[in-house]
Trainee: 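Okay, here's the structure, questions in a sec.
Throughout, a chain's letter reflects where its sequence line sits, starting with A, and its residues are numbered from 1.
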Protein chains: 2
Amino acid sequence: MAKPETKDQILNAAEDLFAEQGFAATSLRQLTAHAGVNLAAANYHFGSKDDLAKAVLQRRIEPINRERRQRLDNMSQPPTIEAIVRAFIEPALRNQQMDPGALPESRGAGLCRLLGRISVEQPLFLQEFMSEQFGELGKRFVAMLSEAAPGIAAETLWWRMHFTVGAMAHTLANAHVVGQVSLGACDANDHEGTLKQLTAFAIGGFSAAEVSR
Amino acid sequence: MAKPETKDQILNAAEDLFAEQGFAATSLRQLTAHAGVNLAAANYHFGSKDDLAKAVLQRRIEPINRERRQRLDNMSQPPTIEAIVRAFIEPALRNQQMDPGALPESRGAGLCRLLGRISVEQPLFLQEFMSEQFGELGKRFVAMLSEAAPGIAAETLWWRMHFTVGAMAHTLANAHVVGQVSLGACDANDHEGTLKQLTAFAIGGFSAAEVSR
DNA sequence: GTCTATAGTCAGATAGAC
DNA sequence: GTCTATCTGACTATAGAC
């Protein structure tokens, strides 16, 4: 193997461009040009555009969910709503530094936007992929939340996780818009501040009284 | 004008297909075939695919924001967080019945998904369009929320509105996935139930204590 | 206003030399 | 593994008959 970098360069470019423009709007030509590799390399290494998208996702979601599992494993008993919510949100929102060679830290921002996009754009395989990757972990989160908030039905907890995902995804995908529409009141570049705001909001949402039937 | 319906049929088809597949993934060919009109009619009536998307949005967002303004106008003093949150969410989530001829009520569900998609897919003109349509109204919402929750900074209120939009958009766009991932615990077809869940979550989020600095 | 026909462009994918 | 060259098909948009 002459250049082991080619595959990673394609993945990096795909991550950047899918995050910026979305999946359907990004062409393989643009993508491979951006990666500095030949057009044919994308299909050679990944088979199809769809499978390339899957590979991009898998590389990113896996470590996030691994960290979530670890934090659930190490959680003190009984767990608090706050600790569970943070275990859910923080791994996704913080720029996680992986192997620094392949993934310079400047890539962190792009990653955030990517995660926002894919939670939303829905060529069906993406949705199924998310379900596979998250189904079992979601059950663990709901189970722990049930312990921490005994008055709340599982159905309600599932809904609230769903809403939290939405708030997360929208924040990640459109963080740059918040500052604009709020006329500068919000600073989207302050990642820790954004994280605190989102965490507080989600904790409030999870702590709300059960809805009336 | 032989058929005054053509324009509306194109708008209806565009709404359905953009909601199902997204903007970039929907072709004018598919769209006009679905509408039962000629391919050229789309460009004749709307000039371009982009402008067609704008027309679809405008037809739907305008009445929602009109209802929001009315509800803010008629709000009792002092307003409660709950009333404001409901004035924000309900017009967007409820299937609003407009002129029944052009828009059969069966179209309501599709509309919801469309609104979810567009808040998220971001050919730039869409984002700008949303800012234009919502900037002034957003200011009114933040101002009222400041009255109802005097301890919360405007910045925090803007963030919380942003998160609420995200939860709303994700719920509308991906409502069908909730039932699946929760293994049937959540019923996405129960629109009033979903609305209650979302409202309770958002009220909880807005009622959370101010984040520490 | 509505249609057919087509121009002009760009897409994803592949064959085959190196 | 990498490249050039190309196939095949789909797209948006428009010109021009009716």
Trainee: With sequence neighbours excluded, tell me which residues meet side chain to side chain donor-acceptor pair (under 3.5 Å) with A/Q58.
Mentor: none
Trainee: Which salt bridge (Lys or Arg N to Asp or Glu O under 4.0 Å) pairs, counting each pair once, include a residue from residues 168-179 of chain A, with sequence neighbours left out?
Mentor: none
Trainee: Is the phosphate of D/dT2 approached by A/T6 (side-chain N or O, under 4.0 Å from OP1 or OP2)?
Mentor: yes
Trainee: What string of B, S and - do you get for nucleotides 11-18 of chain C, 5' to 3', when a contact is any protein heavy atom under 4.0 Å?
Mentor: BBBB----
Trainee: Under the salt bridge (Lys or Arg N to Asp or Glu O under 4.0 Å) test, which residues partner B/R86, sequence neighbours left out?
Mentor: B/E82, B/E90
Trainee: Can you name the ring pair (Phe, Tyr, Trp, His ring centres under 6.0 Å) partners of A/F46, sequence neighbours left out?
Mentor: none
Trainee: Given atom CD of A/Q9 and atom P of D/dC3, what is their separation to the nearest angstrom?
Mentor: 11 Å
Trainee: Show every salt bridge (Lys or Arg N to Asp or Glu O under 4.0 Å) that has at least one partner inside residues 191-202 of chain A, sequence neighbours left out.
Mentor: A/R94-A/E192
Trainee: Return the value, rounded to whole Å, for the distance between atom CZ of A/F46 and atom P of D/dT2.
Mentor: 11 Å
